[in-house]
Amino acid sequence: MQLNAAERELTLKVVYYGPGLSGKTTNLQAIHARLDPNVRGRLMTLDTADDRTLFFDMMPVFFQTASGLKVRLKLFTVPGQAMHDSTRRLVLQGVDAVAFIADSQINQSKANNAYWSDLLKNLQQNGISPGEIPIVIQFNKRDLPETRTDEEIEGLRLKGKEPIFSAVAIRGIGVLETLHGLMLLTFARLEKKLDFGRKFGVTEEEFMRGIFRNLDLEDSDIEAAFG
Amino acid sequence: MDGAAIMWDRPPPLKELVDIGSLAEVCRSFAELYGIGVRVYDVDGARLVDLRMGNIDFCGYVFGKAKGQHLCTATVQEIKSSSFRSASGDPRHEAIVRHTCFTGLRYLTLPLLHEMDLLGKIIMGPFLPDDLERLPDELCSISQDFDSEEATRLLSGLRRAPEETIRKVLAQLGSIIEVMVHSGYKVHLTSTMHIESVTATHHELLDKNQRLEESLDKLRELDRLKSNFLATVSHELRTPLTSIIGYSEMLLEGLVGDMSQEQRQHVATIMAKGDELLQLIVSILDISKIESGTVSLMPVELDLIELTETAVSTIKPHAQKKHLSIRTHLARELPVLHADKDKVRQCIVNLLANAVKFTPDQGEIEILIEPYVGARRHAPPASASDSGYFLFEALDEEFIRITVRDNGIGIDSKQKERIFDTFYQVDSSSTRAFGGAGLGLSIVKAYVEAHGGEVWVDSAPGRGSAFSLLFPAGREANSKAQSIAGSS
């Protein structure tokens, strides 16, 4: 997190992490597609080869609160291929929140586990304690055959402390819900760490509305929350 | 700059994000198309692009008057210092700002933003608004000699247009420059990421190299301990074995009384097997000395005829058992060979022993000794300071070549390099037909290389083998290499 109190600017870094081809870039593209074209920043994709991310994708979302605080949210993806470990570690530097995109296909369970421990290891190497930062898990590709059952995912939800979301990112399903869940945790952490609401005069509702007001929420589970 | 900083930091200044020449070109195309000047300033007020269109004569005339100069300067100052920072609300919606000059001419300014950060501004103007019907009084009163007609005539050089149109043009120019900024920012991030990830990989490699070096040191130490152990054990084995052989010999010679024929046969077997074991132990001792680097050469001028005869006589009894013929060919004229006599003889003996072992009954073995002039097969790495070798190709040198050829079972090409490795056996199965510890050839290779020579084999399965040893000829050649380093 980068807070410039004098200029009243807050920058938050959100990283989409996960194994190769699990749909990290697709998540960002789905969010981008639902942003109001008049206000959205560009989705920046850095150096791709064969449609695979080499460095990262980055998409900015920004808004200004009534109290005059500029909030910049930068969404990043990491390259999923195993060879880019050092890049994943670089992108994770100074991260504020992580969305772990898991592939629901049964044959990807091993990769999910490997990248989950990879995430924890790289967070620690960047001096970030994994227990302290907001993390949500998204089980993507729910529409494919040979995937983990809903019961299995429910079992994981009960077992772990991270909120779990189901998604079909390619159709935009579950993408906004994942971001919404992650942003709620992020605000809670800002409150805890900075006494954010009181110091900067920003309520959770205003924070969430700032991020989601320019997004097309139709048919998403969070539509009601901003109704 | 670390990775976090790359992604956090404000974008670099406008002049680093976009190529100023290209920016000027884009602005020029707009300026010329619409006949209106364009200026671009960065956030610190530095002017990056300055294109004037049609107003030079008019503004020059006004600037010529003292009051005109004063008012003009103030207008320019106002436009330059107009701030977008104070504007509230979503900065993306910030409107184009209008500045009206005391002459009635107009300027429009547009903030250049990148992700909410102000990077600079674009100023378009001056233009003549189409709703300006006559020259303002403030202009006409700047001086007593102000000539309205002349001023009106000069104004005709300026573009007259509705402000709304120019707003659209400016917005269009702004979006093109924004795309340029975006592309520049992307290139900036990509190249910074490239550098960062290469640096990270470099550090990882350094760490790995460090760890590899440490394990290499440990392995070297272990290797040295192994060689010491082999040397000690072999020595301890040899001492009692000498007694076994010695006492067997005394029994055979009848020094302690007569024995029956059967007893003599048994004792002879004990002695023969003891000799075999002794040879093996001597080989292990040799190789462990080579590996620990404790062998030294004692070069003398060799009599190759005598040397070959001794070597052949050592191996002859074994050859006769298999009815093998051993023929020796020495070239008439041979250069002087200055080398360690025992080591060279041992090399020939080892090769002959191998030939005997792998050649079927009634086979033929040949020893050829001849001069050889040519380049080394494995030239040592050349360096600028190593004047002995050319950088790109090895020089021809003079050698003595000793070849031991047989018509035995031969070796396939895959095994050719490995047969010189210590303890290597072509057939390492427990049921193999040929005995041996796999030390003979590695000893040969170590001894030849210690003399600065080379060894190789020409062979094919079923077509026999020819082992060639090259020893550098001449008195000086072999006196340099005095000690044998480990063969690995």
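In what follows, every heavy atom counts, from backbone to side chain, and hydrogens, waters and symmetry copies are set aside. Chain letters run A, B, ... following the sequence lines, proteins first and then strands; every chain starts at 1. In this text the structure is predicted, and so the values were computed from the model without any measurement.
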Between Ser197(B) and Ser86(A), which heavy-atom pair has the shortest distance, and what is it? O-OG, 4.2 Å
Heavy-atom count around Lys121(A) NZ within 6.0 Å, excluding the residue itself: above 12? yes
Minimum side-chain heavy-atom gap Gln93(A)-Glu196(B) below 4.5 Å: no
Interatomic spacing from CD in Glu204(B) to CZ in Arg89(A) - rounded to 0.5 Å: 5.0 Å
Would you give the length of the straight line joining atom CG of Asp85(A) to atom OG1 of Thr201(B), rounded to the nearest 0.5 angstrom? 9.5 Å
Enclosure of Glu205(A) CD (heavy-atom neighbours >12, cutoff 6.0 Å): no
More than 12 heavy atoms of other groups within 6.0 Å of Arg160(B) CZ: yes
Rounded to the nearest 0.5 Å, what separation is found between the CD atom of Glu9(A) and the CG atom of Asp117(B)? 6.0 Å
For Leu184(A), does the CG atom sit with more than 12 other heavy atoms under 6.0 Å from it, leaving out its own atoms? yes
Answer whether the closest heavy-atom distance between the side chains of Met44(A) and Thr190(B) falls below 4.5 Å. no
Distance-only criterion, 3.5 Å: show the donor-acceptor pairs between side-chain atoms of residues 36-46 of chain B and protein atoms not counting sequence neighbours.
unit_1, atom_1, unit_2, atom_2, d
Asp42(B), OD1, Asp44(B), N, 2.9
Asp42(B), OD1, Gly45(B), N, 3.1
Asp42(B), OD1, Ala46(B), N, 2.9

Are there over 12 heavy-atom neighbours, none belonging to Glu214(B), within less than 6.0 Å of that residue's CD? yes
Contact part of Val71(A) toward chain B, heavy-atom cut-off under 4.5 Å: side chain, backbone, both or neither? backbone
Using the rule given for side-chain contact (heavy atoms from CB on, under 4.5 Å), can you reason through Met58(A) versus Tyr185(B), listing the C-alpha separation, both sets of side-chain angles and the distance that settles it, and then say yes or no? CA-CA 12 Å; Met58(A) 194 270 279; Tyr185(B) 188 51; 4.3 Å; yes
Report which part of Val198(B) has an atom under 4.5 Å of a heavy atom belonging to chain A: side chain, backbone, both, or neither. neither
Take His194(B) and Thr87(A), measure what side-chain contact (heavy atoms from CB on, under 4.5 Å) needs, and give me the verdict at the end. CA-CA 9 Å; His194(B) 262 299; Thr87(A) 312; over 6 Å; no
For Val91(A) and Met193(B), work out which heavy atoms get closest and say how close. CG2-CE, 4.1 Å
